[in-house]
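Take a look at the structure below.
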Amino acid sequence: MPLTLTQRCCHLLAPLIPFTVVFIHLSDDDGVRQVFEEMRGLYDQNVAAANDSTADPDGTAISSIAIRHAALERNKRCLMAYVFNRSKKLRNMRWQFGSILPPEIKANLCEPEIQWFNSYSKCLARYMKSIGGQGLNLAQDVKPPKSLYVEVRSLIDYGKFELDNGEVVLLKKHSTHLMSRAQCEPLIIQGVLEQINH
Amino acid sequence: MEDTFGEDDYFGEDEHIPAHEVLQTLEDAWLNEKFCPDLLPSQDSYVEAMMEQIQQMEDNLTKLKKTDFRVEVHHMELARIRYIITSYLRTRIEKIEQNTAFILEQETTRSPENPHLSEGELNYAREFLALQENHQKQLVLKHVPPPFQDFMSTQQSLVPNLRSHIFLRAKKDVNGVVIEGDRDTRDEEVDLEENSQHIMQYKPIANLIHDGSVQLI
Amino acid sequence: MDPSEVEFIAEKELVSIVPNFTNSEVHLISGDVGPFRAGLPVNVPIWMALNLRQRQKCRIIAPDWLDVEKLEALKEEEKSNRFFTKMPSEHYMVVAQLLLSAVDDDIPRVEEIRMAVKDLWDVRISKLRSSVDTFIKTGGSHARLDYLTTMEINSVRPLLPHALDFIDRLQKASEGASRRDMASQD
């Protein structure tokens with residue numbers, strides 16, 4: 001049995017519920033196109049019915065017009081909600097990735113959406129610059145700060161290393177040191193230091 | 001070297017509000033905003049004052065020796081304050097983006113002495129709404145039958161749920177809070193004792209946040 | 001609220017430390033701390049205590065209530081009280097977690113204390129769960145929650161407020177429907 005209009009609209013919204021990063025390309029979306037077509041059909045029926053001068057003794061014509069109208073309103077809202085939620089996902093990407101979209105994402109966006117993203121990005125940047133007179137990057141400091149120190153062992157004779165607090169330490173093979181996680185992380189990644197686990 | 005910075009800072013031309021009070025106000029505002037379904041009045045003057053304090057502090061810290069143990073402690077505190085400010089402003093932006101048309105319309109009904117949006121937020125809200133309108137026109141509205149091409153009518157229906165439930169602590173005694181009854185129950189009048197904690201609908205206590213009688217938790 | 005934010009708020013609470021260095025007062029924006037005299041106890045916010053402890057600049061002194069016997073007494077009181085007991089700290093659970101994991105030898109009987117805190121937490125949470133259950137079933141919209149701590153309140157978010165919101169929406173919808181029914185009966 002063919003899907004009713006509103007059922008089709010709900011199907012549009014369903015993929016948004018698991019919030020995945022992958023977008024279906026909007027202009028390829030069969031669902032959206034079909035909704036437009038059927039809205040046109042319903043509307044044409046209503047115009048025809050309204051212009052029909054034949055009598056409507058039991059009021060069924062009026063009721064049908066009202067029902068089609070309600071369906072048209074509802075479907076418009078579904079479509080707008082769909083577009084609104086897509087733009088919300090885009091918005092979240094601006095906050096997560098900054099103003100440059102990863103190419104995999106861009107490939108699934110239509111031109112108006114890419115433009116929306118760029119405009120949103122600029123709009124947001126303007127606001128952030130206006131904060132407190134000097135500007136403030138709201139996309140940073142997303143988690144409360146935490147002091148984290150770790151004990152590390154030097155794996156090689158690295159030599160002198162200046163810590164954030166100005167102290168200069170000598171990283172010799174097997175020497176142990178206490179450092180903030182932020183500072184030693186790059187050195188751990190490089191293989192200069194290893195974390196000591198107790 | 002005498003620790004000369006961190007003295008009580010002034011705020012505004014006539015008022016001398018100590019920095020720690022400014023900070024406390026911002027912390028309270030941060031929590032209220034986080035838990036409130038509606039957008040509360042902007043505390044942008046406090047935000048600005050605190051950001052100036054932070055800048056001053058950071059400048060002063062460059063004058064201290066790096067090995068001074070106070071440097072790291074101060075930096076930690078500044079990171080904590082920055083977190084409160086950014087989280088506060090982020091929460092507000094999210095609300096503005098969710099209910100843009102409604103928030104802008106509400107703002108027009110307010111007197112100029114009682115804005116809920118800062119100037120930056122107001123400009124942002126207008127620009128954002130224009131972005132959304134254009135976007136919807138491009139992708140949806142110009143493809144639907146003419147009588148249904150109106151953007152604002154749908155937008156204005158996105159409103160916050162003022163009947164949603166919140167947790168609060170009474171900061172002072174508050175008497176006679178009226179909780180609306182429904183079909184089966186009558187209106188109830190509740191007294192909030194100082195320091196008591198409650199769960200209830202936001203609407204009956206909305207004005208109590210503004211005057212500092214309750215804190216959302 | 002994210003647990004990391006509950007922790008963030010709890011870290012403002014003061015705790016006693018014994019520094020191994022000497023320094024004059026520190027003028028933080030949130031208030032003055034110190035002066036620091038090596039070997040003498042001084043109160044600092046927990047976030048600062050943790051940082052100094054990590055840098056091996058101090059020893060942390062457990063608050064009075066972070067003690068096995070005291071915690072077990074609190075648990076017994078909680079069991080026998082129909083309502084919630086006032087806790088010695090607004091953030092007892094978080095403070096206990098933070099301090100107990102930060103210290104190696106500073107605080108004796110760490111494991112026993114950890115268990116005692118957990119037992120107390122379990123009693124209170126179980127009481128909270130059944131109160132919430134009863135509350136929703138009786139159709140209430142407002143309740144008093146004195147002496148519940150931040151972490152405990154957070155544990156019923158968003159479920160409790162959302163459930164109440166949902167019930168409210170259903171009630172409003174059914175009111176609207178019955179009004180329409182009444183109108184159409186003319």
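Residue numbers begin at 1 in each chain, while the letters A, B, ... track the order of the sequences.
The neighbour count for B:K172 NZ, taken as heavy atoms of other residues, nucleotides or ligands under 6.0 Å away, is above 12. Counting heavy-atom neighbours within 6.0 Å of B:K203 NZ, excluding the residue itself, gives a total of 12 or less. Counted within 6.0 Å of CG on B:D59, heavy atoms from surrounding residues, nucleotides or ligands total more than 12; the atom is thus considered enclosed. More than 12 non-hydrogen atoms from other residues, nucleotides or ligands lie less than 6.0 angstrom from CZ of C:F21. Within 6.0 Å of the CD atom in B:E119, the count of heavy atoms belonging to other residues, nucleotides or ligands does not exceed 12.
Counting heavy-atom pairs closer than 4.5 Å to chain C, the top-ranked of the candidates B:Q197, B:E27, B:E188, B:R169 is B:Q197. With chain B as partner, the option from C:A143, C:P161, C:A163 having the largest number of non-hydrogen pairs under 4.5 angstrom is C:A143. Contact tally against chain C (heavy-atom pairs below 4.5 Å) for B:M200, B:M76, B:E72: the top residue is B:E72.
For a residue to count as touching a neighbouring chain, one of its non-hydrogen atoms must lie under 4.5 Å from one of that chain's; by this rule B:L31 touches chain C with the side chain only. C:D146 touches chain B through backbone and side chain together, each having a heavy atom under 4.5 Å away. Within the 4.5 angstrom heavy-atom criterion, atoms from both the backbone and the side chain of C:S30 approach chain B. The part of B:L78 that comes within reach of chain C is its side chain, from C-beta onward, which places non-hydrogen atoms under 4.5 angstrom from that chain. Of the two parts of B:Q24, only the side chain, counted from C-beta on, holds a non-hydrogen atom closer than 4.5 Å to a non-hydrogen atom of chain C. Heavy atoms of C:V44 lying under 4.5 Å from chain B are absent altogether. Residue contact with chain B, scored on non-hydrogen atoms closer than 4.5 Å, involves the side chain of C:L52 exclusively. Contacts between C:F36 and chain B at a heavy-atom distance below 4.5 Å involve the side chain alone, from C-beta outward.
With rounding to the nearest 0.5 angstrom, the NE2 atom of B:H165 is 6.0 Å from the CG atom of C:D168. Taken to the nearest 0.5 Å, the CE atom of C:M1 stands 10.5 Å off from the CZ atom of B:F167. Interatomic distance, CZ of C:R157 versus CD1 of B:I199, reported as 9.0 Å (0.5 Å rounding). From B:I217, atom CD1 reaches atom CG of C:L145 across 7.5 Å, with rounding to the nearest 0.5 Å. Here the NE2 atom belonging to C:H27 is positioned 13.0 Å from the NE2 atom belonging to B:H20, to the nearest 0.5 angstrom. Rounding to the nearest 0.5 angstrom, the gap separating the OG atom in C:S141 from the CZ atom in B:R163 is 8.0 Å.
Between B:W30 and C:I9 there is a side-chain heavy-atom pair separated by less than 4.5 Å. A 4.5 Å side-chain heavy-atom check between C:I29 and B:M50 finds at least one atom pair inside the cut-off. Between B:V73 and C:V33 the shortest side-chain heavy-atom distance does not fall below 4.5 Å. Within the 4.5 Å cutoff, the side chain of C:P45 has no heavy atoms near those of the B:E77 side chain. Side-chain contact check for B:H74 versus C:L28: some heavy-atom pair is nearer than 4.5 Å.
Judged by the 6.0 Å distance and 45° axis criteria, C:R55 is not positioned over the aromatic ring of B:F69.
Using modelled atom types, one side-chain atom of B:R80 and one backbone atom of C:F8 make a donor-acceptor pair closer than 3.5 Å.
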